[in-house]
Amino acid sequence: MLSNMRAGRIIARSLIGFFIGLFISGGSNAQGISVEENYARNAPGIAMVQAVYSATVYANKVAVNEPTFNRLVDSVKRLDHGGGLSGEQKLDIVIRELYANPIRYFSPTTEYYTQQHRVLSNGTGFFITGEGHLITNCHVIERDSAFIRRKFLLSTFQEVTDANINALESAWQMTLSEEQRNLLYDVYSFVYSRMSPLVLNNLRKELNVLYRIDNGDEHMARIKKPAEVLIKGKAMPGKDVAILKINDVRNLPVLRISNSTQPRIGSRVLVLGFPEPAGNNVFLALDAATEPTLTSGVVSAVKKSVGGWPVIQMDALIAHGSSGSPVCDEKGDVIGLATFGSLEQRTGTLASGFNFAIPLPVIQEFIDSVKVKPRVSHASQVFNQGLQFFYQSYYRKALSKFKEVLNINGNYPGVHLLITECEKRMAAGGDRQSFIEKNFFRIIAFALVIGGVYIIYRQRRQLRLSKEMPS
């Protein structure tokens with residue numbers, strides 16, 4: 001009897017191990033996920049952070065110095081004794097002279113431009129709770145006065161310059177080439193910056209967070225909500241971190257914060273954000289700017305800032321607009337906050353591949369100060385489970401999870417597209433159901449038969465041995 005019980009236990013343990021082995025696929029992968037899944041998981045939780053500055057702008061009007069300009073035109077006419085120069089060539093000579101000596105041909109006036117202007121400063125952020133807590137850089141929401149004035153200068157004089165160039169074209173009855181217009185833009189920019197001091201009155205600022213939603217079609221929409229600043233540090237060389245909050249939201253897409261506080265040198269990192277070169281490309285559709293851009297690289301070093309706290313050096317590309325982007329590891333967890341790059345000494349431009357991020361211990365100081373507990377929303381948990389099944393080709397299981405996401409947050413970015421893709425792949429026979437799901441009852445029956453045969457064999461063997469034993 002005891003032998004039979006032992007045999008039963010052995011069979012039971014074997015079956016349990018067999019079932020666990022079959023069901024284990026679809027569990028979490030502690031070693032990392034693919035770059036594609038990493039992007040699909042985290043892109044929904046990336047938001048654009050927008051600081052909007054508005055003011056009344058006063059600026060001196062600048063006019064062409066007529067006597068000096070007329071002498072220039074006359075001198076060009078004298079060059080063309082035989083009439084060999086075309087009108088375009090004469091115009092080109094005039095513009096190049098204006099470009100070479102702008103102060104000689106322009107003078108400030110006593111008249112003023114008065115205009116209402118709004119300028120935008122964009123950066124990136126990411127949600128750490130489903131209730132709208134978001135992390136970004138301090139310098140994204142707190143621009144210095146020189147940056148703001150430069151933005152208003154460019155915005156104001158862009159309109160003024162366009163008007164002046166159009167007036168010149170009309171007066172000369174000629175159409176300027178692209179090169180000629182660019183030269184004149186440079187002329188007017190220089191002249192106005194030197195001769196027309198800018199005065200800003202009633203300067204105001206508002207903060208907005210723009211995040212994507214899924215409307216059920218193939219195009220993403222974007223929601224804009226005002227943001228409240230819960231805490232902020234200081235721009236570099238300070239601790240360049242800020243935590244914002246938007247209201248009246250729940251179950252937003254959320255990025256998971258890593259449990260590791262020290263990134264490994266050489267480990268792979270992924271950065272998701274809204275770099276300006278990608279968002280402002282004239283060859284892209286307008287709605288393309290709503291899609292985050294992913295760049296990848298490795299951790300090059302962990303160095304110390306001038307403030308004495310660590311920064312992560314990486315070669316993942318970032319640009320203006322990427323500030324506040326999450327830096328994620330191969331598991332998709334956030335390990336840092338993209339903050340600043342390096343400048344080429346000769347050109348003053350951003351040096352490619354030498355960028356820095358603020359690590360988690362510094363970010364955690366701010367999170368703890370406002371008593372926010374980062375947590376993945378229920379919608380993101382279910383969505384991530386669906387992605388895991390999807391990238392393992394368990395499309396029926398993935399479809400069930402994505403439909404569950406719709407019940408939690410019907411506007412979760414990308415979920416409708418994934419549902420359509422699951423249905424398409426299932427219809428094509430691509431669903432990878434496990435062997436046990438397809439043959440469950442056969443396996444049970446087979447296991448019972450084998451177990452029964454083994455028990456009968458053991459019983460008969462024991463009976464035979466008992467008969468052979470001497471009395």
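Here the structure is a predicted model, which means the values were calculated and not measured.
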For this session: Measure centre to centre between the rings of Phe402 and Phe383, then say whether the value is under 6.0 Å.
Result: yes
Problem set entry | Pair Val187-Phe106, side-chain contact (heavy atoms from CB on, under 4.5 Å): steps then yes or no | CA-CA 10 Å; Val187 169; Phe106 293 89; 3.6 Å; yes
Exercise. Are Asn201 and Tyr58 side-chain neighbours, meaning at least one heavy-atom pair lies under 4.5 Å?
Worked result: yes
Problem set entry | Approximate separation, where rounding is to 0.5 Å, of Ile141 CD1 and Asn208 CG | 12.5 Å
Problem set entry | Side-chain touch Lys401/Gln388, heavy atoms, less than 4.5 angstrom | no
Problem set entry | Interatomic spacing from CD in Glu228 to CG in Leu134 - rounded to 0.5 Å | 13.0 Å
Seminar exercise, completed: Rounded to the nearest 0.5 angstrom, the OG-CG distance for Ser325 and Asn137 is 8.5 Å
Exercise. Does Tyr185 OH have over 12 foreign heavy atoms under 6.0 Å away?
Worked result: yes
Exercise. Would you find a donor on one side and an acceptor on the other, under 3.5 Å apart, between the side chain of Asn355 and the backbone of Ile312?
Worked result: no
Exercise. Under 3.5 Å, is there a donor-acceptor pair between the side chain of Asn409 and the main chain of Asn251?
Worked result: yes
Exercise. Would you call Thr114 and Val57 a side-chain contact if the rule is heavy atoms closer than 4.5 Å?
Worked result: no
For this session: Compare all side-chain heavy atoms of Arg71 with those of Thr68 and state whether any distance is below 4.5 angstrom.
Result: yes
Seminar exercise, completed: Residues Asp214 and Pro413: closest non-hydrogen pair is CB-CA, 3.9 Å
Exercise. Going by atom types alone, do Arg143 and Ser121 pair a side-chain donor with an acceptor below 3.5 Å?
Worked result: yes
Exercise. To the nearest 0.5 Å, what is the distance between CZ (Arg41) and SG (Cys328)?
Worked result: 10.0 Å
For this session: Look only at the side chain of Thr109 and the backbone of Lys61, and say whether a donor-acceptor pair between them is shorter than 3.5 Å.
Result: yes
Exercise. Do the side chain of Thr136 and the main chain of Gly324 share a donor and acceptor less than 3.5 angstrom apart?
Worked result: no
For this session: Assess whether ring-ring contact (aromatic ring centres under 6.0 Å, His included) is satisfied between Tyr395 and Phe390, documenting all intermediate values.
Result: CA-CA 5 Å; Tyr395 300 122; Phe390 181 84; 5.5 Å; yes
Problem set entry | Note: Lys373-Glu131 ion pair, threshold 4.0 Å (strictly below) | no
Exercise. Would a distance-only check, ignoring hydrogens and angles, find a side-chain to backbone donor-acceptor pair under 3.5 Å from Asn122 to Gln50?
Worked result: no
